[in-house]
Structure formats: structure tokens, C-alpha cells
Amino acid sequence: MESALQTSPDIPQDLGPRRTERLLLIFMVICGSLVLFVVVMFFKALLPRKMPAFVVTKTDIATRGTIYSQDGFSLASSQKLFKVGFNTLSIDPNKKQFFIDLLSIYTNIPKSIIAEKFSQEGFVTLSYNINANTAASLRQLNAKFLAYNVFIEYEDSSKKVVPKIGLSIEVSGIARNYLYADNFEPLVGYVKKIDVSKITSVEGVKGLEKFKDKILAPKQDGQDIGKRDLGFNLIEDKTFKSQPRENGYDLALSIPLRLQRELEKILDHAKAHYKSKQIIAGIYLPHNGELLALATTNRFNPNNIQKSDYPALNVDATELSFEPGSTIKPIVYSLLVDKKRIVATQLIDLNHGFYKLGKYTIKDDLAPLKQNTIEDVLVRSSNVGMIKLSKRLSGQELYTGLKNFGFAEPTGIELPYEKTGLIPSVKLLNREVYKGTASYGYGLRTTFLQLLRAYGVFANQGEITTPHLIQRYNAPNGDVFIPDLAPPRQVISPQSAHTMQKLLIKVVTHGTGKRAQVEGLVVGGKTGTARTANNGKYTDIYNSSFFGFAKDKKNTFVVGVVVFGSLGSEEYYGSQTAAPIFKQIIQTLVKYQYLTPSQDLVLKEVPRRALALPTPPTHPKPTKHRPTLINVKQK
């Protein structure tokens with residue numbers, strides 16, 4: 001058998017060695033490949049991988065601060081608006097109607113408008129005004145569309161495959177909302193749209209929105225910058241950077257919504273009744289300067305300003321000056337009291353109610369009594385008496401006294417474009433005509449708020465305070481800031497102020513202000529009626545007013561009313577128009593328990609006290625975005 005194998009012609013004699021060589025070669029190749037694989041894997045494990053890095057930026061838009069009423073209602077707030085769009089070519093034609101139906105339900109946009117977008121090929125924008133809640137719902141809807149394969153891939157004109165593209169939901173801008181329409185206007189003011197980095201934002205134009213624009217404005221947008229994963233989520237590794245969002249400061253006003261609305265209703269009704277052009281009224285806390293209400297009949301809806309609203313855009317309580325008429329008389333009279341130039345019980349000759357002042361003859365509206373005291377000059381509002389009494393003041397004393405009461409200077413309220421009014425110069429006031437006319441409210445101009453503030457002196461022991469609308473600022477980080485106001489300033493002595501209080505009470509009980517009386521309260525004040533001028537001539541159109549105070553056993557409020565543009569053929573005297581409105585306002589304060597009537601209420605003597613002013617509190621140095629305020633950390 002063995003010899004047969006050796007001699008077989010079919011089997012090569014060199015098969016054994018050649019087979020061994022092949023096997024050895026295969027083994028070497030396998031070993032070499034294995035070594036190469038190990039080496040490659042070794043270096044890949046040690047050396048950093050150069051993977052493509054996709055760096056993205058996500059922006060969180062900051063918003064403007066909110067303006068709140070004293071009782072916590074949002075008067076002006078901001079909300080983000082979103083832009084929603086989609087790619088018409090990415091919608092499965094078989095599910096197009098399903099897409100339209102659901103999108104219409106979620107956005108409240110008519111189906112016909114959505115369907116019309118499909119007339120275009122490619123990306124289309126459906127709306128720029130989607131609110132935040134709807135945007136959140138649309139993101140959920142987008143997930144449902146993906147689950148139901150509503151979106152598909154498609155080839156573009158260059159045969160490139162375009163992946164599925166869902167709904168695009170991005171911030172398009174910031175909108176400002178005024179929930180209570182014309183309430184609080186024009187105090188709150190309004191804004192205009194501006195473009196900031198392709199985002200529509202807003203800035204203040206009038207009112208508090210303008211004056212506190214830097215405080216309300218957003219400070220910085222939030223930003224996250226880093227690499228993203230395949231799901232478009234940011235990877236928070238060592239290269240990740242984050243900047244927090246910082247919204248604008250919120251403002252909390254001193255005026256409660258319910259009281260402001262009640263006052264606006266009273267004024268609206270009175271304007272229709274008296275057929276006047278405008279009525280302004282305010283409620284002032286004389287001890288600290290807070291305004292509890294400041295209302296006008298000329299209002300507008302900042303959500304939808306019309307051309308007819310343009311005359312109502314200004315805050316006429318601070319931007320409109322006028323001749324005050326007889327409401328200036330207590331101011332001038334108090335200067336005489338404070339300088340001890342008069343004795344109230346002394347007799348005075350009122351010339352039968354007529355006085356020759358320059359080329360004009362001045363006439364009193366009320367015929368004088370047979371015997372008149374200096375006190376009667378104010379109680380019966382005698383122009384003749386005021387002309388005579390004003391001679392006891394020099395031009396400099398009258399000018400300085402009016403300035404000390406805050407006339408011809410800004411009040412310091414947080415509103416833009418405040419007018420200062422006008423006082424004749426010392427040189428003019430040294431002349432009998434100018435001094436005489438100024439003593440009964442002509443030849444000088446004041447604003448409503450200047451008069452309201454001045455009457456606060458009589459109710460605040462002779463001190464004048466800074467009127468303000470803002471109680472506090474709330475910072476985005478939770479800090480609370482209190483406005484740092486100028487300290488009260490002594491204008492007349494406490495005893496002089498008390499004398500004026502008693503005299504103004506007599507004006508209400510026995511004089512021209514009888515219609516302002518409210519039973520159970522101490523009420524004092526002064527009427528005023530002044531002709532308006534046009535082209536240098538006085539007309540038969542009048543401004544009538546009443547300024548005064550109301551007190552119970554604990555609280556004191558100063559209230560002012562001015563009725564602008566009453567016709568001389570109608571009710572136009574301050575006693576006929578402004579005084580009854582004043583009374584309604586006081587009754588409203590009683591209704592809401594700001595004042596409590598009492599049958600045994602009497603005016604108490606003012607105790608003497610030191611006139612040294614308190615040292616103003618210290619406050620932190622303001623930063624770039626921080627108002628000059630006192631910081632009060634929240635507990």
C-alpha cells in the first residue's frame with residue numbers, strides 16, 4: 001500500500017512543504033492584522049478623538065417689568081410672542097388635512113388661512129403673535145405629529161434628501177398688555193415697538209412707562225452656549241457657558257385699583273352733567289406724599305390708541321398749567337399769618353366790594369357784610385380784601401413764599417414732562433397790579449399737582465412733602481427697594497398751619513364751600529373760579545376748583561378737584577361744580593373705610609414741636625441698573 005502511494009503518478013512529490021508555507025503565510029497575515037488592530041485601538045484609546053463639534057446658542061429673552069396697583073393688580077405686563085411656521089413640502093399629502101385641522105384647533109387660526117399657506121412651496125410663517133401658552137401647546141402638538149409620521153423626508157430640486165422638519169416655534173418679540181384698558185391712564189402711559197437683535201421689543205413713551213423706562217426695561221437676556229447632541233440638547237461639559245436671564249424691575253404703585261376706578265366713575269358722570277372739557281381729581285396723603293388716587297376724564301386704551309385719543313395722552317395733572325383763581329388765596333393768606341402781619345378779628349374796609357386796580361375795576365362776587373373782619377376776606381372769598389392784604393407783603397416776600405409752597409418748580413413726582421408753572425418776577429410783584437392780581441389767582445400759573453401738594457402743608461403741620469406714585473421696586477432677584485424721597489420741608493409754622501385749618505373749616509361751614517361738608521368729619525377747603533384766556537383775552541369759559549382736606553380721629557386726606565372748561569351759561573362756580581365732586585370723593589373714602597365719621601369729632605390744637613428735620617436714611621450706592629432706592633431684603 002505504502003509503495004503504491006509513493007509511485008502514484010497523480011500526487012505531486014512537493015505537496016507537503018508547499019502546503020506548510022501557505023499555512024505559515026496565512027498565519028503571519030492574521031497575526032499582522034491582529035497587531036495592527038491592537039496598535040490602532042491602542043492609539044485611538046490614548047489620543048483625543050477629533051469628532052465634529054456642533055456649538056449652538058440658546059437665548060432666553062428677558063422681559064419688561066410689571067406695573068402693579070397698590071392692591072396687587074397687574075396694570076401693565078409683558079408677554080413673549082412666538083413665531084410659528086412650517087415647511088409645506090415636509091407634510092405628508094395624505095395627512096395634510098389632519099395637520100390643518102389640529103393646527104387650527106391649537107392656534108385658533110381659521111383652517112382656510114392655514115390651507116392657503118400650502119399654495120407656497122417651502123418654509124412659511126403662520127403667525128408672529130402666538131402667546132407663550134399656545135407656544136407650549138404647539139410643542140406638544142409637534143411631538144404628536146412626529147409620532148403619527150405627519151412629517152416626511154423629501155428630495156429638493158438638486159435631488160438632495162431633506163430630513164423631516166417639524167413645526168418651527170421661536171420667540172418673535174415682546175408685547176405689552178394693559179388688562180384694565182383705560183383705568184389708570186394716562187398715569188401708567190404706553191409704549192412703542194422697537195427692534196432689538198431681530199426681536200420686537202418695547203420702550204416707554206408717556207407716563208410711568210416713560211419716566212421709569214430704564215428701571216422697567218429688561219437688563220439682559222439669558223444665554224446658554226455649548227455643544228449639542230443628536231437630540232439638539234446642550235451638553236453641560238467644561239466648555240458649556242450659561243448667562244442667567246434678568247428681567248426688568250416691577251413697580252408697585254401707591255394707588256389701589258378699586259379706589260382709582262371709583263374716582264374715574266365719579267368724574268365721568270360729573271363731566272357729562274356739567275358739560276365740561278375735562279375734570280381732574282386727586283387724593284393725597286400729606287404726611288408722606290403718597291397719592292392714593294389721581295384721575296382724569298380724559299383717558300385712553302393703551303392697547304389700541306386711536307387718533308382721537310391724542311389729546312388724552314398727556315398727564316394734564318402735571319403737564320397742564322392754569323390760573324388757579326381763588327384757590328391761591330389761602331396760600332397768600334397763610335404767608336400773612338406766618339409773618340404775623342394780620343389779626344383775623346380786625347375789621348377791614350372792603351370798599352363795598354369794588355376796587356380800582358390800575359385801569360381795571362375789581363368786583364367781589366359776594367356783597368360784603370356791613371362789618372367785615374380780615375377772616376371774612378377768606379371765608380367770603382373777597383378779591384378786594386386780598387388785594388388790600390397783599391400790600392402787607394413785599395414783592396420778594398410774596399415771591400419767596402409762593403416758591404416755598406412749591407410753585408414754579410417741579411413737584412418731584414415720577415412722571416415725565418412736568419410743567420413748573422409761572423410766578424411773576426420779584427420786580428413785577430413789587431407793582432400793585434401784579435401783586436394784587438396774583439393774590440386772588442390771576443397773572444400766575446400752577447399745575448393741579450402743585451396745588452394739591454401745597455394744600456397738604458395746611459394738613460401736615462406746615463411741612464411740604466414730595467408727591468409720589470411708587471411704593472416700592474421689586475428686583476428680579478427678589479430684592480425690594482423703597483424710593484428714597486427728599487425729607488419734608490417746613491414752609492410755615494405748625495401753629496400757622498393749624499390757624500389755616502380752622503379758617504378753611506369755616507370756609508366750608510359758613511362760606512363758599514358749604515356743598516363740600518360731610519357729616520361726622522372735619523372738612524376744610526377753598527373754592528376757586530377763574531376765567532380762561534384765549535389770544536390774550538378772557539372768555540366766558542371757566543375753570544372751577546376745590547382743594548381741601550378731610551379728617552377723622554386718626555387719618556387726614558387732602559383732596560383736589562378742578563373742572564376745566566365749564567360754560568358761563570351753565571353751572572361754573574367752584575361751589576357749584578368742584579365742591580359737590582369733592583364731597584362725593586370724601587364719601588367714597590368713607591365707603592372704603594379710609595375715613596370713619598364720628599359725631600364727637602373736633603379739631604384738636606396742634607402741639608408745639610421742634611422743627612428740626614429728620615436725617616434721611618442711608619441707602620446703598622446705586623449700580624448701573626439699580627435705582628436710587630433703599631434696599632429692603634425680603635424676609
Side-chain angles (χ1 to χ4, degrees), residues 61-70 73-81 171-197 199-221 245-255 257 260 291 294-296 298-307 309-320 410-419 447 449 467-476 481 483 622-629:
I61 304 297
T63 58
R64 189 176 181 86
T66 300
I67 300 176
Y68 292 98
S69 65
Q70 188 265 348
F73 292 93
S74 173
L75 306 174
S77 59
S78 296
Q79 70 172 108
K80 294 179 183 178
L81 295 180
V171 175
S172 63
I174 305 296
R176 196 69 166 163
N177 295 327
Y178 301 89
L179 184 60
Y180 296 97
D182 68 342
N183 292 137
F184 275 83
E185 294 299 345
L187 286 183
V188 168
Y190 63 98
V191 296
K192 68 177 180 180
K193 293 181 179 180
I194 57 172
D195 290 328
V196 180
S197 302
I199 298 293
T200 300
S201 188
V202 297
E203 67 178 11
V205 178
K206 295 287 285 185
L208 285 164
E209 292 276 30
K210 170 66 176 178
F211 195 79
K212 291 299 180 182
D213 185 64
K214 290 184 179 179
I215 301 296
L216 289 163
K219 306 301 176 278
Q220 69 177 17
D221 293 336
R245 182 187 71 191
E246 188 176 349
N247 296 329
Y249 283 54
D250 295 336
L251 310 184
L253 305 188
S254 59
I255 302 176
L257 175 63
Q260 179 77 4
L291 283 158
L294 187 59
T296 175
N298 288 8
R299 303 188 301 277
F300 63 93
N301 183 351
N303 296 307
N304 184 27
I305 297 175
Q306 305 295 320
K307 188 174 182 179
D309 293 324
Y310 290 176
L313 299 180
N314 296 335
V315 184
D316 285 343
T318 59
E319 297 183 53
L320 175 65
T411 64
I413 194 171
E414 312 98 322
L415 291 170
Y417 314 118
E418 183 179 8
K419 295 291 189 296
T447 66
L449 193 60
H468 58 280
L469 295 163
I470 300 174
Q471 281 189 334
R472 65 185 182 277
Y473 302 80
N474 297 324
F481 295 87
T623 62
K624 181 178 180 181
H625 296 303
R626 176 174 292 171
T628 307
L629 308 166

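By the 30° and 60° cut-offs, the orientation of the rings of F300 relative to Y190 is perpendicular.
Under 3.5 Å, the side chains of E418 and T411 contain a donor-acceptor pair of N or O atoms.
Side-chain contact between F184 and L257 is present, with heavy atoms from C-beta onward closer than 4.5 Å. For the pair T200/L81, no side-chain contact is recorded, criterion being any heavy-atom separation below 4.5 Å from C-beta on. Annotation: side chain of S69 is not in contact with side chain of L253 (no heavy-atom distance under 4.5 Å). Counting heavy atoms from C-beta on, the side chains of Y473 and L251 come closer than 4.5 Å.
Closest approach of N314 to K206, counting heavy atoms only: OD1-NZ, 2.7 Å. Nearest approach of R176 to V191, heavy atoms of both residues: CB-CG2, 3.7 Å. Minimum heavy-atom separation, V202 to I174: CG1-O, 3.8 Å. Listed here is the closest heavy atom pair of I199 and V171: CD1-O, 3.3 Å. Across all non-hydrogen atoms, the minimal contact from D221 to A62 is OD1-N, 2.8 Å. When all heavy atoms are compared, the tightest approach of G248 to K219 is CA-NZ, 3.6 Å.
Residue I255 holds its CD1 atom at 9.0 Å from CG of L75, rounded to the nearest 0.5 Å. With rounding to the nearest 0.5 angstrom, the CD1 atom of I413 is 4.5 Å from the CG atom of L449. For the atom pair OG1 (T318) and CZ (F211), the distance works out to 10.0 Å, reported to the nearest 0.5 Å. E185 CD to Y180 OH: the interatomic distance, rounded to the nearest 0.5 Å, is 14.0 Å. Between the CG atom in D213 and the CG atom in L208 there is a gap of 11.5 Å [rounded to 0.5 Å]. Once rounded to the nearest 0.5 Å, the distance linking CD of Q70 with OH of Y68 reads 14.5 Å.
At distances below 3.5 Å, not a single donor-acceptor pair connects side-chain atoms of E209 with backbone N or O atoms of V205. T66 places no side-chain N or O within donor-acceptor distance of the main-chain N or O of D250, the cut-off being under 3.5 Å. For T63 (side chain) and N247 (main-chain N/O), no donor-acceptor pair under 3.5 Å exists by modelled atom type. Put simply, the side chain of E203 never gets that close to the backbone of K192: no donor and acceptor are under 3.5 Å apart. No donor-acceptor pair closer than 3.5 Å links the side chain of N177 to the backbone N or O of S77.
A side-chain contact (heavy atoms from CB on, under 4.5 Å) with Y178 is found for exactly one of I67, N304, V188, namely V188.
Counting heavy atoms of neighbouring residues, nucleotides and ligands inside a 6.0 Å radius, atom NZ of K210 does not exceed 12 of them.
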